[in-house]
Protein chains: 2
Amino acid sequence: MKTAEQDPTKDAERPVGTRERIVRAASLLMQRQGYDGTGIKQISTEAGATLGSVYHFFPGGKQQLAVAAIGHGEREFADELRLTLDGAADPAQAMIDCAHRLAEGLRESDWIEGCPVTSTALGTAGRAPDIQEAAAAAFANWRDLVYARLRRAEIADDDARDLAHTVISTLEGAELAAQVSRSERPLLTAGRHLAQLIDLYGPTTDS
Amino acid sequence: MKTAEQDPTKDAERPVGTRERIVRAASLLMQRQGYDGTGIKQISTEAGATLGSVYHFFPGGKQQLAVAAIGHGEREFADELRLTLDGAADPAQAMIDCAHRLAEGLRESDWIEGCPVTSTALGTAGRAPDIQEAAAAAFANWRDLVYARLRRAEIADDDARDLAHTVISTLEGAELAAQVSRSERPLLTAGRHLAQLIDLYGPTTDS
DNA sequence: CTCCCGCTAGAACGAACGCTCTATCCAGTG
DNA sequence: CACTGGATAGAGCGTTCGTTCTAGCGGGAG
């Protein structure tokens, strides 16, 4: 009742509800300019909506909108991450592929669209617990995807859990370094090193 | 003429010039709240200075102040990084020590004082080239410190360069993940993994 | 002494902020 | 038909923003 109804065909672009357009615009703008750097009026303008609509769908104001935007960014990246993890022959190769994808997206946006969660979550550190929780949940979800992939490759449970932490941390940090230095190198290097690290824990363990 | 003159004794706390106080306040506040989340009036209040003083020392306004703040944060962390790198027996152990130190600082600040450069640089991605350059320079300096330490441990030049990239990326990302999830685990895990990774390239190379 | 200048001090400006409020529109229901 | 309630629309609230500007301070130089 809330969304579909008309056509669950592939991914129709056109009939996107107002609420969804607002969330998308918020996610994109906050990804680029951060939480404080993005105004609600700018979001409504970019979304083709009006201020009244924004506050109708998000009576909780900017904070609630930011939580929804983080959730949207989380889902977007999770889909791509899942695809990349499943598309590779082994987790090590998946890391390299993942780094490549991130580098590509970053370069194509002229180095302004980094992690959609990071820029929104930073700067609201102590102020907005809701936003912090949403960001933490996003990281945890991504980590779980990596963990599951590592487990499927016969990596021990404890090792897989630890590796998943480092994989997300490193990819996140490398994307940040790449964005700041406007270079793909941090990401590509990180991808190779993560692959090496994972191979250390591969099924060839015999100890 | 600009600073010292009176006493180059250790690190006297009291007679700190107005300009220095402004830079310190700006660095701390932007570290916590980001660039857009920090107002110049708040900085001047926190520094015990007035608006006039801020614009006297930084006629370039908020952007120039942010560049100086990033430089200050860069120097602060570089000092600590140098100390940690030199204090460890080998680079691998240094990574573990470094992660511990970062985790400690983050926990003690109740998870609000992350990387002083990241929060300032993010959100000004496309808008302020000066700030971006300062942030990129900070990362490069830190990387050089790690690179030099790796070289001293007889690691091949190309390997050391690549490893230095990943070390900074991973520490940066792990600090971010730790801050968001309010847990030391991402940092501690990253430290151990970085140590393992470095050991792969240790002086035991025979190829 | 007088002059000067680096520095301090804060009032004031226009613009933009998050948010509230009322008014209007329109499909669905009796 | 009238009525209703979700959705749209935007003027306007008080506040804060970054910046500008003028006035005053205090100590060394002539």
Side-chain angles (χ1 to χ4, degrees), chain A residues 1-6 14-27 29-30 32-70 119-120 123-124 127-131, chain B residues 1-6 14-27 29-30 32-70 119-120 123-124 127-131:
Chain A
M1 204 185 277
K2 47 187 66 169
T3 51
E5 169 118 46
Q6 289 174 311
R14 264 306 97 100
V16 176
T18 304
R19 188 197 152 95
E20 178 72 10
R21 288 205 319 275
I22 293 173
V23 171
R24 289 189 190 180
S27 179
L29 288 173
M30 288 188 179
R32 289 179 177 167
Q33 326 174 85
Y35 179 79
D36 288 303
T38 305
I40 291 203
K41 285 179 181 171
Q42 184 187 12
I43 292 173
S44 69
T45 299
E46 204 75 16
T50 61
L51 215 48
S53 299
V54 173
Y55 279 95
H56 171 74
F57 289 110
F58 302 93
K62 200 180 185 183
Q63 289 202 12
Q64 185 186 352
L65 185 46
V67 170
I70 286 183
S119 52
T120 309
T124 62
R127 296 184 289 163
D130 298 347
I131 298 178
Chain B
M1 205 183 276
K2 48 186 66 166
T3 53
E5 172 115 46
Q6 289 176 308
R14 267 302 100 98
V16 177
T18 303
R19 189 197 152 96
E20 179 71 11
R21 288 204 318 276
I22 293 172
V23 172
R24 290 188 191 182
S27 179
L29 288 172
M30 288 188 180
R32 289 179 177 167
Q33 325 173 95
Y35 179 80
D36 287 303
T38 304
I40 290 202
K41 288 179 182 175
Q42 184 186 14
I43 292 173
S44 68
T45 299
E46 205 75 17
T50 62
L51 217 48
S53 300
V54 173
Y55 278 95
H56 170 74
F57 289 109
F58 302 93
K62 198 179 185 182
Q63 289 201 14
Q64 184 187 351
L65 185 47
V67 171
I70 286 183
S119 52
T120 310
T124 61
R127 296 184 286 162
D130 299 345
I131 298 179

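FYI, side chains are in, hydrogens and waters are out, and symmetry mates aren't considered; it's all heavy atoms of this structure. Per chain, numbering begins at 1; letters A, B, ... match sequence-line order.
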**Prompt:** What parts of residues 35-48 of chain A reach DNA chain D, counting only heavy atoms under 4.0 Å away?
**Reply:** A:Lys41
Identify each atom pair where a protein N or O and an N or O of nucleotides 21-27 of chain D are less than 3.5 Å apart, giving names and distance.
none

Tell me which donor-acceptor pairs under 3.5 Å the side chains of residues 41-48 of chain A have, and how far apart each pair is, sequence neighbours excluded?
{"unit_1": "A:Gln42", "atom_1": "OE1", "unit_2": "A:Gln33", "atom_2": "NE2", "d": "3.2"}
{"unit_1": "A:Ser44", "atom_1": "OG", "unit_2": "A:Lys41", "atom_2": "O", "d": "2.8"}
{"unit_1": "A:Thr45", "atom_1": "OG1", "unit_2": "A:Lys41", "atom_2": "O", "d": "2.9"}

**Prompt:** Listed in order of residue number, which residues of residues 56-64 of chain B have a non-hydrogen atom at under 4.0 Å from DNA chain C?
**Reply:** B:His56, B:Phe57
Does [N] have OP1 or OP2 under 4.0 Å away from a side-chain N or O of [X]?
X       : N      : answer
B:Thr18 : C:dT8  : yes
B:Ser53 : C:dT8  : yes
B:Thr50 : C:dG10 : no

**Item:** side-chain hydrogen bond (donor to acceptor under 3.5 Å, both in side chains): pairs with one or both residues in residues 51-69 of chain B, sequence neighbours excluded
**Value:** B:Thr50-B:Ser53
Hey, could you give me the [atom1]/[atom2] distance between [X] and [Y], rounded to the nearest 0.5 Å?
X        : Y        : atom1 : atom2 : result
A:Glu20  : A:Thr18  : CD    : OG1   : 10.5 Å
B:Ser119 : B:Leu29  : OG    : CG    : 10.5 Å
B:Asp130 : B:Thr124 : CG    : OG1   : 10.0 Å

**Asked** Nearest heavy-atom pair of B:Val23 and B:Ala68: which atoms, and what distance?
**Response** CG1-O, 3.8 Å
**Message:** If I compare all heavy atoms of A:Phe57 with all of A:Arg19, which pair ends up nearest, and what's the gap?
**Reply:** O-NH1, 3.7 Å
**Message:** Taking A:Ile70's backbone N and O only, do any of them form a donor-acceptor pair with A:Thr120's side chain (distance below 3.5 Å, no angle check)?
**Reply:** no
**Message:** Restricting to salt bridge (Lys or Arg N to Asp or Glu O under 4.0 Å), what partner residues turn up for A:Arg32, sequence neighbours left out?
**Reply:** A:Glu113
**Asked** Could you state the CG-P distance from B:Leu29 to D:dT16, rounded to the nearest angstrom?
**Response** 16 Å
**Message:** Output the rounded distance in Å from CD1 (B:Ile131) to P (D:dG18).
**Reply:** 12 Å
